[in-house]
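Below is one structure, written out as structure tokens; comments come after it.
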Amino acid sequence: MTPSYSPDQLLSRCSTAGHFAMGTPSHLPDLPPFQRDVTHGEVAEALRVTGTVQGVGFRPTVYRLAVELGLRGHVLNDGEGVLIHLAGTQAQLNQFVANLLKEKPPLAKIACIQRYSLALDAVTEQGFTIAESTHTPARTEIPPDAATCPQCLADILNPRSRYFRYPFTNCTHCGPRLSIIRHLPYDRQSTSMAWFEMCPSCRQDYQDVGNRRFHAQPTACPVCGPKVWLERADGKPSCSQSLSLVDEAEAVATLILRGEIVAIKGLGGVHLACDATNDDAVQNLRQRKHRYHKPFALMVKDLAAIAPYCEISPQEAELLQSPAAPIVLLTPLPTPHSPLPTPHSPLPLSPSLSPGLGTLGVMLPYTPLHHLILQRLDRPIVMTSGNRSDEPQCITNEAVREQLGDIATYFLLHNRDIVNRVDDSVVRVVEGQPQILRRARGYAPAPIALPAGFECVPPILALGGELKSTFCLLRPGQAILSQHLGDLENAAAYQGYRQALDLYLNLFEYEPAHLVVDAHPEYLSTKLGQDWAERQGIPLTTVQHHHAHIAACMADNGLPLEAPPVLGIALDGLGYGDDGTLWGGEFLLADYRQCRRLAHLKPVALLGGTQAIRQPWRNTYAHLVAAFGDWQTVQKTFPKLALVRFFKNKPLALLDSMLAQNLNAPLASAAGRLFDAVAAAVGLCRETATYEGQGAIELEALIQPHHLESAQDSAYSFTLQGTPNTVGARSPRPLILEINKPDSAFNPQPLVLDPAPLWPSLLQDLQQNTDPAIIAARFHVGFANALSTLAQNLAQRHHVTTVALSGGVFQNQILTAQVKQTLQTLGLTVLTHHQVPPNDGGLSLGQAVIAAAQSSQPPPT
């Protein structure tokens, strides 16, 4: 993300007389000092402006400010950003820069303004003009797609406007960007709008520097722009006129109210929509899409429409209404229990929207088409990705017809090509701060500012992981992180990943000098990098999965390249370890260049390998056998327990043989699998998990604040192998490590945190019919206490003052809050994610900064 500076801060970064804020810009000639006109006191300057400054109305703003001050010269776009040539008095030029910083367009983000002296006769214009774009090596930023601005919304709702009810209305303050661009510079001919020739009225607006559609590349109107139409999935006439007297958007609203499922082609992909208050429609959508439990996102026309259903903090409201317009995870309000609804009562939401979860994902309309559909809908609608389960979102009309005909009954399509698939971003507010869980529409590909020390990095391309994949292009001071690209184990997602990678390399004219991959030999992204490096003779760096997680958290929080090591706690589902085993519950002493494993969760077998992820009961069985020594002991101790009876119908002899022979039962220290085991034990997703992390998410959703309070004195325990200590519960003595012994004598092997002690307590609670919410709270509090206690002692032992929390398990708000609050109380600084996801969506950023750090020389000690 481009760094955000106040005007005063940016002014301090700008300079004159040939001195640059961030290095010498290319494509400017060697120029003499200022030449001053003796008569008029004029000087001339070239200004290089970098950041998100193309496609956001930046040149018209420059034009207006220059004309207001009586300056002469020109402004143009090129591959590096915006280039301005100005002539006027020194005071006028200084005032121009100050005004530009304060009055930049809403979507613009200025990273730097570099000022350079020009020969006065180099500025030949008598007034000020906007010149044609030039092609230079790409160094500029591509703006993300932006939600409809208030002015364009007013246009489409105004019967006197020529944009009235036009679903592709946009201006320089809003509309498509990444989703339609093919290459730089960002001009109309470089986008999927190239096929639509502007009518005279649009051309006039486009050329009118005082119009907010001046050089708005996607600008169009009903006369000359893209068209939308309604189709029936069965190919019969849609009869849209009988559905609505206005247009297709009204027809879709009518269809949704009738209980139909409609596929809607939007900005960066296709959605499937239905009435969120119609349980039959929602159930039909689940059955047809084969998405049986994963939550559906909602869209509402405004904040007032969701207020009866969810709590909305000021920060959440701000996110919902921002240009990014992400899906925001909100806390549902308690369902009212009034005996009879009143005429003004909101319709109850379908219980099938997010079964077993404690949040609802909500977004506001972000295109004119969405606004028009939602205008007459007084209720939330489902707006979920238009795809078959686990496949990428459809983006073409042909794909909609081929893949969604057995899901939707109607298609709302248009003829503006979606060049780049861009999913909806997902964000939540944690302790008043936004945390991105899926970084896509509205955020990508805006660059993320790298910390101090990364100003001169080589062109490094990191290819990410296998799940929630992204890739990352590194350039001096910036990381360009791709949008969320899905799970590469799906063939269509991998194809989309390759297409997006080719597009980014083309857009940014990027030739990587160094490739980075995950250490897992079977990841498709790893194999791609290996083949690429061998074919092109490019150096390849392999980065351990959990080191990348911690490095991403460090970069996310701006830790400098030469910052001292942090204690990283990386908790996730699985990652390939340095020893060739599967990790996932790790304590690492890490900086950007290296990491060392200090402790980890005790490895437990994955019975059936990846089958254990899909069938969580396998993890429960493996943990119980590891805790009690064998299954017979569990049976004898808890013979009447429903969980024990459940296992009578399972192939336990086969599982025991797999354990004894270490056959298809790899050991894994994964925290995610521990959550699966506990969730299945209490009856959540026991037989099958239909999406990643389902058991853990549902386990967390059981817990209310009063459950956590009651669990403080009855939390489950963990032990540290090799010591007599128990950690987790409040009652046992605290963990004590011999912190004064030298490294050679102290724990040459990593410490092992063993969850075995929690299982007898948990089974006893089950036997006593303890509320599953209490069991979930005791597990969360106990695990958080164990993590915090071990982290405190490791930090003390290794003289660390900062702890970084990363990995998909730290999407769990309760666990994160418990660990963070405890460690902060102990005086430690705790880092969590904000700009990039804690899950594998942030992995490529961590890989990239590690490779960059390793390629640089550390300062002499």
Give a yes or no on whether the backbone of Asp556 and the side-chain of Gln835 come within a donor-acceptor separation of less than 3.5 Å. yes
Backbone of Asp280 reached by a side-chain donor or acceptor of Asn284 within 3.5 Å: yes
With Ala317 via side-chain contact (heavy atoms from CB on, under 4.5 Å) - residues at least two apart: Leu303, Ile312, Gln321
Using only atom types and a distance under 3.5 Å, with no angle test, would you say the side chain of Thr470 pairs donor to acceptor with the backbone of Gly841? yes
Can you see which heavy atom on Met193 is nearest to which on Ala220, and at what distance? CE-CB, 3.9 Å
Among Arg401, Lys265, Lys236, find the residue that satisfies the salt bridge (Lys or Arg N to Asp or Glu O under 4.0 Å) test when tested with Glu231. Arg401
Modelled atom types, side-chain donor and acceptor of Thr384 and Arg291, under 3.5 Å: yes
I need the Leu298 CG to Ile327 CD1 distance, nearest 0.5 Å. 9.0 Å
Can you measure from CG (Asn170) to OH (Tyr163) and round to the nearest 0.5 angstrom? 8.5 Å
In the structure I gave you, are the side-chain heavy atoms of Cys394 and Val400 within less than 4.5 Å of one another anywhere? yes
Ser179 side chain to Gly268 backbone, donor-acceptor under 3.5 Å: no
Taking C-beta and beyond as the side chain, do Val362 and Val300 meet within less than 4.5 Å on heavy atoms? yes
Would the distance check show the side chain of Asp187 and the main-chain N or O of Ser190 forming a donor-acceptor pair, the cut-off being under 3.5 Å? no
Does atom CD (Glu318) have a neighbourhood of more than 12 heavy atoms from anything else shown, all under 6.0 Å? no
Are the side chain of Thr169 and the backbone N or O of Cys152 linked by a donor-acceptor pair below 3.5 Å? no
What residues form a salt bridge (Lys or Arg N to Asp or Glu O under 4.0 Å) with Asp234, not counting sequence neighbours? Arg232
Donor-acceptor under 3.5 Å (His834 side chain, Pro434 main chain): yes
Walk me through it: do Thr254 and Glu250 pass the test side-chain hydrogen bond (donor to acceptor under 3.5 Å, both in side chains)? CA-CA 6 Å; Thr254 299; Glu250 280 263 329; 5.4 Å; no
Candidate pair Cys171 and Cys149, rule side chain to side chain contact (heavy atoms under 4.5 Å, CB included), full reasoning: CA-CA 8 Å; Cys171 69; Cys149 69; 3.6 Å; yes
Consider only side-chain N and O atoms of Ser350 and Asp279, and report whether a donor and an acceptor are under 3.5 Å apart. yes
Minimum side-chain heavy-atom gap Leu412-Leu369 below 4.5 Å: yes
Check step by step if side chain to side chain contact (heavy atoms under 4.5 Å, CB included) holds for Ile264 and Ile373. CA-CA 10 Å; Ile264 301 172; Ile373 293 170; 3.8 Å; yes
Once side-chain contact (heavy atoms from CB on, under 4.5 Å) is applied, do any residues pair with Phe164, and if so which ones, sequence neighbours excluded? Pro159
With Pro105, which of Thr52, Thr61, Val53 fulfils side-chain contact (heavy atoms from CB on, under 4.5 Å)? Thr61
Output for pair (Met383 CE, Leu374 CG), nearest 0.5 Å, gives 6.0 Å
Using salt bridge (Lys or Arg N to Asp or Glu O under 4.0 Å) as the criterion, list what pairs up with Lys294, not counting sequence neighbours. none
Give a yes or no on whether the backbone of Asn812 and the side-chain of Glu700 come within a donor-acceptor separation of less than 3.5 Å. no
Could you give the distance from CG (Leu349) to OG1 (Thr277), rounded to the nearest 0.5 Å? 7.5 Å
Hey, does the side chain of Asp208 reach the backbone of Gly210 with a donor-acceptor pair shorter than 3.5 angstrom? yes
Listed partners of Arg212 passing salt bridge (Lys or Arg N to Asp or Glu O under 4.0 Å), at least two apart: Asp155
Whether Glu316 and Arg428 form a salt bridge (side-chain N of Lys/Arg under 4.0 Å from carboxylate O of Asp/Glu) is what I want to check. no
Does the side chain to side chain contact (heavy atoms under 4.5 Å, CB included) test come out yes or no for Lys301 and Gln375, once each step is laid out? CA-CA 7 Å; Lys301 65 180 179 181; Gln375 187 182 12; over 6 Å; no
What verdict does the side-chain hydrogen bond (donor to acceptor under 3.5 Å, both in side chains) test give for Ser352 and Gln283, after you've listed the backbone C-alpha separation in whole Å, the side-chain angles of each residue and the deciding distance to 0.1 Å? CA-CA 7 Å; Ser352 305; Gln283 288 279 19; 3.1 Å; yes
Got a salt bridge between Asp423 and Arg438, using NZ or NE/NH1/NH2 to carboxylate O under 4.0 Å? no
Considering only residues two or more places apart or on different chains, which pairs with a residue in residues 191-214 satisfy ring-ring contact (aromatic ring centres under 6.0 Å, His included)? Tyr206-His215
Pair listing, salt bridge (charged side-chain N to carboxylate O under 4.0 Å, His left out) test, anchored in residues 159-181, at least two apart: Arg162-Asp205, Arg165-Asp247
Within the 3.5 Å criterion, strictly below it, is a donor on Glu260 or Thr409 matched to an acceptor on the partner's side chain? yes
Given Gln811 and Leu437, is the side chain to side chain contact (heavy atoms under 4.5 Å, CB included) satisfied, shown in steps? CA-CA 8 Å; Gln811 293 178 144; Leu437 302 180; 3.9 Å; yes
CE/Met363 to CG/Leu319 distance, rounded to the nearest 0.5 angstrom? 14.5 Å
List the residues meeting ring pair (Phe, Tyr, Trp, His ring centres under 6.0 Å) with His484, not counting sequence neighbours, and say none if there are none. none
Decide whether Gln499 and Tyr504 meet the rule of one side-chain donor and one side-chain acceptor closer than 3.5 Å. no
With sequence neighbours excluded, residues passing side-chain contact (heavy atoms from CB on, under 4.5 Å) with Thr331: Glu311
Asp424 meets the salt bridge (Lys or Arg N to Asp or Glu O under 4.0 Å) criterion, sequence neighbours left out, with Arg441
Rounded to the nearest 0.5 Å, what's the gap from CG on Asn839 to CD1 on Ile436? Could you check? 11.0 Å
Kindly check if the number of other-residue, nucleotide or ligand heavy atoms within 6.0 Å of CD (Gln151) is above 12? yes
Results of ring pair (Phe, Tyr, Trp, His ring centres under 6.0 Å) for Tyr166 - residues two or more places apart only: Phe168
Single hit among Val427, Leu481, Val422 for side-chain contact (heavy atoms from CB on, under 4.5 Å) with Tyr443: Val427
Report yes or no: do Thr191 and Gln217 form a side-chain donor-acceptor pair below 3.5 Å? no
Could you list all the ring-ring contact (aromatic ring centres under 6.0 Å, His included) pairs where at least one residue sits in residues 345-366, not counting sequence neighbours? Tyr366-His370
Side-chain (Glu391) to main-chain (Asn490) donor-acceptor, under 3.5 angstrom: no
